Amino acid sequence: MVDGEWAERQRQLTAAGLLVLGKAAQERIQRLSDISSLIEAAQRSNVVMLSERAVEEMLTLVPSDQTIDAPPSTPRSEQATLPDPESQSTIGRTLAPVGTPVLAPPVRRYGLDHYNLDDFPMQAKDVDAEIEIHFDITGRSTTEGKLQDIRSCFSDRLHQIRQMLIAGRALPRRPISASEAWRNRQRHSSRDYEVTLVGLVSVDKWSKGGYLWFDIEDDSMQVRCMLKEPTGASSFHPSLDGLMNDDVVGVSGHFVIGNRDPYFSVSDIHMPPLGMHSKAAASEAEAVSAAFLSDVHVGSKTFLAPQWEKMIEWFRTDPLARTVKYFVLSGDGVDGVGIYPGQERHLAIKDLFNQYGELARLLEGLPDWVDLMILPGNHDAVRPAEPQPALDPEVQQGYSDAVFVGNPCDFSLHGVRILSYHGKSIDDFVAGLRSVTYSSPELAMRAMMERRHLAPSWGGKTPLSPEPEDRMVISTVPDIFVTGHVHGHYVGNHKGTTMVHSSTWQDQTDYQRMLGFQPKPCILTVVNLHTHATASIPFA
Ligand SMILES: [Fe+2]
Ligand SMILES: [Fe+2]
């Protein structure tokens, strides 16, 4: 955005009595295509100061740039507010009185940029399925969970990402081991004699001066590091955004040896290289599309059954639906049983097998030409440690014609490489990086791509299975990267990869309401595998 445009925005904000605090807040506002919803949300919530955090909070109350508007029957944003600070209530939203919904047919908005039938020319029934699985842990988990397995997993991660750093020429010089650098710390104690190390990060804290302190560890030893913000750093730079525990990074710098313990002053930090990706495409004769959804949460009282019927009706009647060859369900198909304390009172179906039975019945409504792929998530009946294997064969029996795979799954559809990951680690990215919030899961996905790892942190909120090879490393850059789990919705692009945060079929839960989180349910994301055109179809 040019300065003039920002000045105009600032004028509008000032006229609305709003004050923007800090560069990060300004940048966040500059990224919005329109600020009227932000102004409205702030005024409704009696917010005057727009810090970055306040902007993020306001944006949870309005539809984001990338999602299409909900149809007029669900005016969510108009009724959303933050809590009144005086009220002592943790619940800030005033929800509309819910009457019995009358199902209107799905909105068909042909000819729009995001919904142009000409972009989706093939009939799915005329094209044979072509699914190639590159990675799926099902039946291949070899860990016994011993200390040795944990060591090999981390050692493999270090090796894989170090190779990416070296092969991608991301380092200014050949890296040396931490112990070699430490042995020669006197020699490497000035800017003229910098060295480069590569290792696993263990984050300590930000000091009062705003410096990030962390340890970096390789096979030989651990070295304490200090990272200052370089001039002109973007808010995504690790000095401002932070690092995740167990990230693999390169650091260049020198030792500072004074009265206190020596430490390594980092002048440059190196992440694995991620250039502009050139996407593979299905041939013109296979220009079918894939639909993405996750978090259906069948069995929950907040599962949106009427909207599901609307989607099934769309599949039966809409011309665009005839192009949908694949339907990828990226985890949390059911709500599960015993996933969190007190879950039972939120369940409409209390038996796990009955939940899977109901999901199978709901999916039966899809037309015959649609091939289903089903991954597990953290609510499913498989081990929670990732990589997770596919659902149990006993559960699979209830489904005719579905391909069950593990989580994550790296696969190709007609040569288009897709990485689908349920997204549990987004919880860790929200806790670990300043840029990531629950309302911006795409920034967690961006962070995963930039560090080439789906779930780096051991001992955080994501249980990990220490396989001898760390298959949570993103070894091949996908053409389409899909996650779910946090019940948002996003379709966009990061350095050439199509990024899809697939939508949920569960309405706002009590827990989400308490946190002030507004999900974006009932949006089917459709991607044309030939042109990579995308469409987001709302059924709410
Ligand atoms: Fe979920
Ligand atoms: Fe989940």
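Each ligand, and each atom within it, is numbered from 1 in the order the structure gives. If you're wondering where the values come from, they're calculated on a predicted model, not measured in any experiment. Values below: every heavy atom of this structure, side chains too, minus hydrogens, waters and symmetry copies.
- Relative orientation of the H346 and Y340 rings is tilted, given thresholds of 30° and 60° on the angle between their planes.
- Using a 4.0 Å cut-off between a side-chain N of Lys or Arg and a carboxylate O of Asp or Glu, R513 and D510 qualify as a salt bridge.
- For the Fe ion (ligand 1), the N/O/S atoms of H485 include none lying under 2.8 Å.
- Salt-bridge annotation for K310 and E313: absent, with no side-chain N of the basic residue lying under 4.0 Å from a carboxylate O of the acidic one.
- Listed for the T504 side chain is a donor-acceptor partner under 3.5 Å among the backbone atoms of D295.
- Within the 2.8 Å limit, D332 places at least one N, O or S atom next to the Fe ion (ligand 2).
- Side-chain atoms of E130 and S412 include no donor-acceptor pair closer than 3.5 Å.
- Among the backbone and side-chain atoms of H379, no N/O/S atom is found under 2.8 Å from the Fe ion (ligand 2).
- Note on N378: counted as a metal contact of the Fe ion (ligand 2), an N/O/S atom lying under 2.8 Å.
- The closest approach of D295 to the Fe ion (ligand 1), by N/O/S atoms, is made by OD1.
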